[in-house]
Amino acid sequence: MSKLFPSDFLWGGAIAANQVEGAYREDGKGLSTSDCTPNGLFGDIVDRNKNDITSIKDRAIDFYHRYPEDISLFAEMGFTCLRTSIAWTRIFPNGDELEPNEAGLAFYDKLFDEMLKHNITPLVTLSHYEMPYYLVTQYGGWGDRKVIEFFTRYAKTVFERYKNKVKHWLTFNEINMSLHEPFTGVGLDRNSTKAQIYQAIHHQLVASSQAVKLCHQIIPDAKIGNMLLGALAYPLTPKPEDVWATLQENHGWLFFGDVQARGYYPTYMTRYFKENNIELEITDQDREDLKETIDFISFSYYMSCCGTADDSLRQKGNILDMVPNPYLKASEWGWQIDPIGIRYLLNMLYERFQKPLFIVENGLGAKDKLEADGTINDDYRINYMNDHLVQVREAINDGVEVMGYTSWGPIDLISASKAEVTKRYGFIYVDLNQDGTGTLTRYKKKSFYWYKSVISSQGATLK
Ligand code: BG6
């Protein structure tokens, strides 16, 4: 079996605007839902128009001003791809304007030019865990069908503007997450009913398919994918009830991929909606729109979990409530580490969708120690990533078409769930403390050199 990854495999890292850029009100940027969860997406929702508070995210790692330095470090590691997102609120500060904010568009022009200068392919997410907060207060978020039109105006604007620079796009980050955190996902109140959440999700799915259509029209040589939180569940036991519950649990997130890749709602959801008295408003035009399907499937993968018919075994996790696997160890944040799970998931998704796959997030959040001599010895991160990449290579040898791998947070950034700085993912350390102090100086960790050698050897140095 080949030890080498394909020569056109895209290697790199993934970041998101609201976790790195900072400059949260600069150059006309509007308030986003992310700005209004200053302590992370599971923290309180705060109306920043009315409250004079600050958040570590306001400056983040100041990527807005320091991106040339960071991109040259990514280039030094040999990146051929960088996944980032556009902050919708830099382009349409309130979301419902007719004309975009030129200063916001100009920023991403400079950013993409900088990547291209280093031969780094931009992979751009249209909406990564944020939307204009104004659309939440004035329209009720994705609960209102009008938001589809606002989103597609934004998508059309950026496709037209960057059509010669960006040929790889994603619609909504971890679109299945809304079921667990509706404010961040679809701009809904946390007490919303399941029916309201699914209706908002439906609007988002329609918007996603309309964006796919626009992308295909405006940039015919581009590829556009979806983005799923790969929440792989294994049966906790071979008991048929547990095996069945696990299938249902996996349907809970695969459903999004089914709609986006096949163009219609799967029958298991029809039954689910009926049994839960959920009646969605789906127009004939919606059904027509949904037929425009994505070109590839992208997903994040950090951990696997177990499915069981016994709900009392669930433990409060970070994003999901999970049943732990007794055979796996966990990270400092309790995320269970399962490298074989990524091979399993790649095979499972490829068999299901028969479309190319892109791993757009994977990595280890850990506490790092900056030594007096400026080094950071993050062997635990190297081991985690080595073991996952070995399994990705196995999947490629199984025949799965994998377009690339962008590790999460190649540079330390602000964590999404709790806005923590101490939960570091990077190959590059950023001198920043939770209280906001720190010089923001960048340091190369041991994993920086390790990843560089993996990329330059096309994976041959993996153990
Ligand atoms: C994914 C998100 O859920 O996981 C990222 O797309 C996030 O935005 C990442 O940062 C890791 O989660 P956390 O909470 O450790 O930052």
Side-chain angles (χ1 to χ4, degrees), residues 3-5 9-15 19-20 60-63 66-83 118 120 300-303 329-339 342 359-393 404-415 420-434 438-463:
K3 285 234 166 268
L4 299 184
F5 282 66
F9 190 80
L10 290 169
W11 290 98
I15 54 179
Q19 292 174 259
V20 295
I61 61 161
D62 196 28
F63 184 73
R66 293 170 192 246
Y67 67 87
E69 182 196 348
D70 295 339
I71 289 171
S72 82
L73 286 167
F74 297 150
E76 195 184 326
M77 269 187 280
F79 279 24
T80 51
C81 182
L82 179 67
R83 173 181 176 226
H118 291 283
I120 294 178
S300 62
Y301 176 77
Y302 294 91
M303 63 193 131
K329 294 207 176 83
S331 76
E332 289 171 90
W333 269 262
W335 293 18
Q336 289 200 303
I337 301 171
D338 176 17
I342 203 167
I359 303 147
V360 296
E361 282 187 35
N362 173 241
L364 180 72
K367 288 181 188 141
D368 289 331
K369 183 159 183 274
L370 175 64
E371 305 290 348
D373 62 359
T375 60
I376 299 99
N377 298 301
D378 55 343
D379 289 301
Y380 36 89
R381 182 167 295 109
I382 294 174
N383 292 337
Y384 177 101
M385 296 194 62
N386 178 82
D387 295 353
H388 282 77
L389 280 167
V390 163
Q391 295 300 326
V392 174
R393 186 171 61 193
Y405 175 91
T406 54
S407 74
W408 178 248
I411 182 165
D412 292 346
L413 39 71
I414 313 300
S415 89
E420 287 165 299
V421 174
T422 43
K423 192 179 189 188
R424 296 172 182 273
Y425 285 89
F427 305 115
I428 300 163
Y429 183 95
V430 177
D431 177 25
L432 174 63
N433 307 309
Q434 197 62 46
T439 59
L440 295 185
T441 305
R442 278 61 167 150
Y443 297 85
K444 296 172 196 170
K445 302 183 193 175
K446 189 172 175 186
S447 57
F448 180 100
Y449 303 99
W450 170 83
Y451 198 42
K452 182 179 160 106
S453 79
V454 172
I455 297 175
S456 66
S457 70
Q458 264 179 263
T461 53
L462 293 170
K463 295 195 180 101

Could you work out, with side chain to side chain donor-acceptor pair (under 3.5 Å) as the rule, every residue matching Q336, not counting sequence neighbours? none

Hey, could you give me the CG/CD distance between D62 and E69, rounded to the nearest 0.5 Å? 10.0 Å

Assign the ring pair W11 / F9 to parallel, tilted or perpendicular, where the plane angle (0 to 90°) is split at 30° and 60°. perpendicular

For R393, give me all partners under salt bridge (charged side-chain N to carboxylate O under 4.0 Å, His left out), at least two apart in sequence or on another chain. none

Partners meeting salt bridge (charged side-chain N to carboxylate O under 4.0 Å, His left out) with D412 (sequence neighbours left out): R424, K445

Could you pull out all residues at least two apart from T461 that satisfy side chain to side chain donor-acceptor pair (under 3.5 Å)? S457

Residues passing the ring-ring contact (aromatic ring centres under 6.0 Å, His included) test with F448, sequence neighbours excluded, are none

I120 CD1 to L10 CG distance, which is reported to the nearest 0.5 Å: 11.5 Å

Any idea which heavy atoms bring G78 and I455 closest together, and the distance? O-CG2, 3.4 Å

Any heavy-atom pair between the side chains of I15 and R83 that's under 4.5 Å? no

Would you check if the side chain of E420 reaches a backbone N or O of S415 as a donor-acceptor pair within less than 3.5 Å? no

Residue set satisfying salt bridge (charged side-chain N to carboxylate O under 4.0 Å, His left out) with D70, at least two apart, ordered chain then number -> R442

A side-chain contact here means heavy atoms from C-beta on lying under 4.5 Å apart; do Y301 and H388 qualify? yes

Is it possible for you to check whether K463 lies under 6.0 Å from the centre of the six-membered ring of W450, through NZ or CZ, and within 45° of that ring's axis? no

How close do P339 and D387 get, heavy atom to heavy atom, and via which atoms? CB-O, 3.5 Å

With the side chain counted from C-beta on, respond yes when L73 and I411 share a heavy-atom pair under 4.5 Å apart, and no when they do not. no

List in chain and number order the residues that pass side chain to side chain donor-acceptor pair (under 3.5 Å) with Q19, two or more places apart in sequence or in another chain; answer none if no residue qualifies. none

Could you measure the distance from the CG atom of L389 to the OH atom of Y384? Nearest 0.5 Å is fine. 10.5 Å

Residues in ring-ring contact (aromatic ring centres under 6.0 Å, His included) contact with Y443, at least two apart in sequence or another chain: none

Of all residues at least two apart in sequence or in a different chain, which pass the ring-ring contact (aromatic ring centres under 6.0 Å, His included) check with F79? F74, Y451

To the nearest 0.5 Å, how far apart are CG in D431 and CG in L370? 7.0 Å

Not counting sequence neighbours, which residues clear side chain to side chain donor-acceptor pair (under 3.5 Å) with K369? List them please. E371

Would you check if Y302 and W408 make a side-chain contact, meaning some heavy-atom pair closer than 4.5 Å? yes

Which residues pass the salt bridge (charged side-chain N to carboxylate O under 4.0 Å, His left out) test with K444, not counting sequence neighbours? E76

May I have the step-by-step check of side chain to side chain contact (heavy atoms under 4.5 Å, CB included) for V421 and I414, ending in yes or no? CA-CA 5 Å; V421 174; I414 313 300; 3.8 Å; yes

How far does CD of E361 sit from OG of S300, to the nearest 0.5 angstrom? 5.0 Å

Polar contact flag, side-chain donor to acceptor under 3.5 angstrom, N362-S407: no

If you measure from OG1 on T375 to NZ on K446, what distance do you get to the nearest 0.5 Å? 9.5 Å

Sorted by chain and residue number, the ring-ring contact (aromatic ring centres under 6.0 Å, His included) partners of Y405 (sequence neighbours excluded) come out as none

